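All heavy atoms count here, side chains included; hydrogens, waters and symmetry mates do not. Both ligands and their constituent atoms are indexed starting at 1 by order of listing. This structure is a prediction, so every number in the text was calculated from the model and none was measured.
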Amino acid sequence: MVNERMFGLGNEPSAIRELFAYGMARKAEIGDDKVFDFSIGNPSVPTPDAITQAVLDLMGEPATALHGYSPAAGDPGVRATIADSISRRFGIQATADRIYMTVGAAASLAISIAALTDPGDEVVVISPYFPEYKVWIESARCTCVEVPAHVPDFQIDLEALAAAITPKTSAVIINSPNNPVGAVYSEENLRGLAELLTAKEAELGRNLYLISDEPYREIVYDGIEVPYVPNLYARTLVCYSYSKSFSLPGERIGYIYVSNLMEDAAEVYAAVNGAGRALGYICAPVLFQRAIARCVDIPSNVAPYAANRALLTEGLSALGYEFVEPQGAFYLWVRALEEDARAFSDRAKAQELLLVPSDSFGVGGWVRVSYCVSSDVIRGSMPAFEALMSAYR
Ligand code: PLP
């Protein structure tokens, strides 16, 4: 006998991973250039040279130190470097003793949720949302409460959120720039959120934490600003990752920053350490902790994603598709041509187009197109998008 819930999670891969696996098999069958795989968020921009060089330089250092354990929360020097960078970039006095190094945003979120909740609590997410949130929330034996984003701008709907917060709510998860819709929450919207949470804390007499999932912070277009959430709401935990900004998803490196402005920061940071310990997320990969510390301030290369965004949105507009204009991240949220997004995704498959149906993001009627692919895939896919549109006419 095994754990039934874990068996279920392992036996049924996420819709994204399922489509990605299908794409790999299909490419092996009919050729890489015949399949237009828009399924997964694997960055197509090469990892910055500075990271590669840092890894090569580090490989020259004594192996025992290089490959040895760091403290559970991460190397103190690395954490200090990251804290200094946060302080310089965002005007907050961040300190190393509020940073916990993780194996990417996935671990940052699973740890933060476990640290902030008790079984039976509710954690609010803004739908459509990254599907794994629900897995981590339910693994902490909490309820995932979905609040639809405000349409058509996909900002946080503050009225709907106010109605969803109950005496059992312990945290709200936000993700800006957003996967899957590409929205960036405005400062005004986030200020409204901060006011709402502060008022609800007073009304309910309990702490309400904000978990800000930000792996796409640097991937924005047209010079749009991404406000630093801890400056707006003190009880914020930032879940960061270098997977997207430095194209390092396979190396599994990121961090949690427990805002220094939070009055209970010491207690929360201790709980983060405890959750990391309980979940086995200690001592993130040391080689990459140290490589990151050498490159912490280098900019991300966003130009190829901006070019892809233009190529894809211009192409799909000309074909008559409806979509949300993305302000950040590298996903396009496209209206399905029938109510049933799964059926639409299946019909797209027949044209060798791999589009993720919106159901797993908590809403029906849309698909997500990951445009972190080579521009050739986007150019090559246009006849398939055209044939798909024709199939519905
Ligand atoms: N959060 C969001 C919104 C994501 O899109 C992803 C990955 O695609 C993650 C978290 C997990 O990122 P990581 O690879 O750093 O674990």
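Considering backbone and side-chain N/O atoms, Arg252 comes within less than 3.5 Å of an N/O atom of ligand 1. Polar contact check, Ala105 against ligand 1: a nitrogen or oxygen pair lies under 3.5 Å apart.
Close approach of ligand 1 to Asn179 (heavy-atom distance below 4.0 Å) involves ligand atoms 3 (C), 4 (C), 5 (O). Close approach of ligand 1 to Ala106 (heavy-atom distance below 4.0 Å) involves ligand atoms 11 (C), 13 (P), 16 (O). Interface atoms of ligand 1 facing Ser243, defined by a heavy-atom separation under 4.0 Å, are 13 (P), 14 (O), 15 (O). Atoms of ligand 1 found under 4.0 Å from any heavy atom of Gly104 (numbered from 1 in listed order, with element): 15 (O), 16 (O). Less than 4.0 angstrom separates some heavy atom of Asn175 from each of these atoms of ligand 1: 3 (C).
At a heavy-atom distance under 4.0 Å, only side-chain atoms of Lys244, from C-beta outward, approach ligand 1. Within the 4.0 Å heavy-atom criterion, the part of Tyr216 lying near ligand 1 is the side chain and not the backbone.
Inspection of the Arg5 and Ser139 side chains reveals an N or O donor paired with an N or O acceptor under 3.5 Å.
Considering Leu248, Asp213, Asn178 only, the shortest heavy-atom separation from atom 2 (C) of ligand 1 involves Asp213.
Taking the six-membered ring where tryptophan is involved, the planes of Trp333 and Trp366 are essentially parallel, since the angle between them stays under 30° and well short of 60°.
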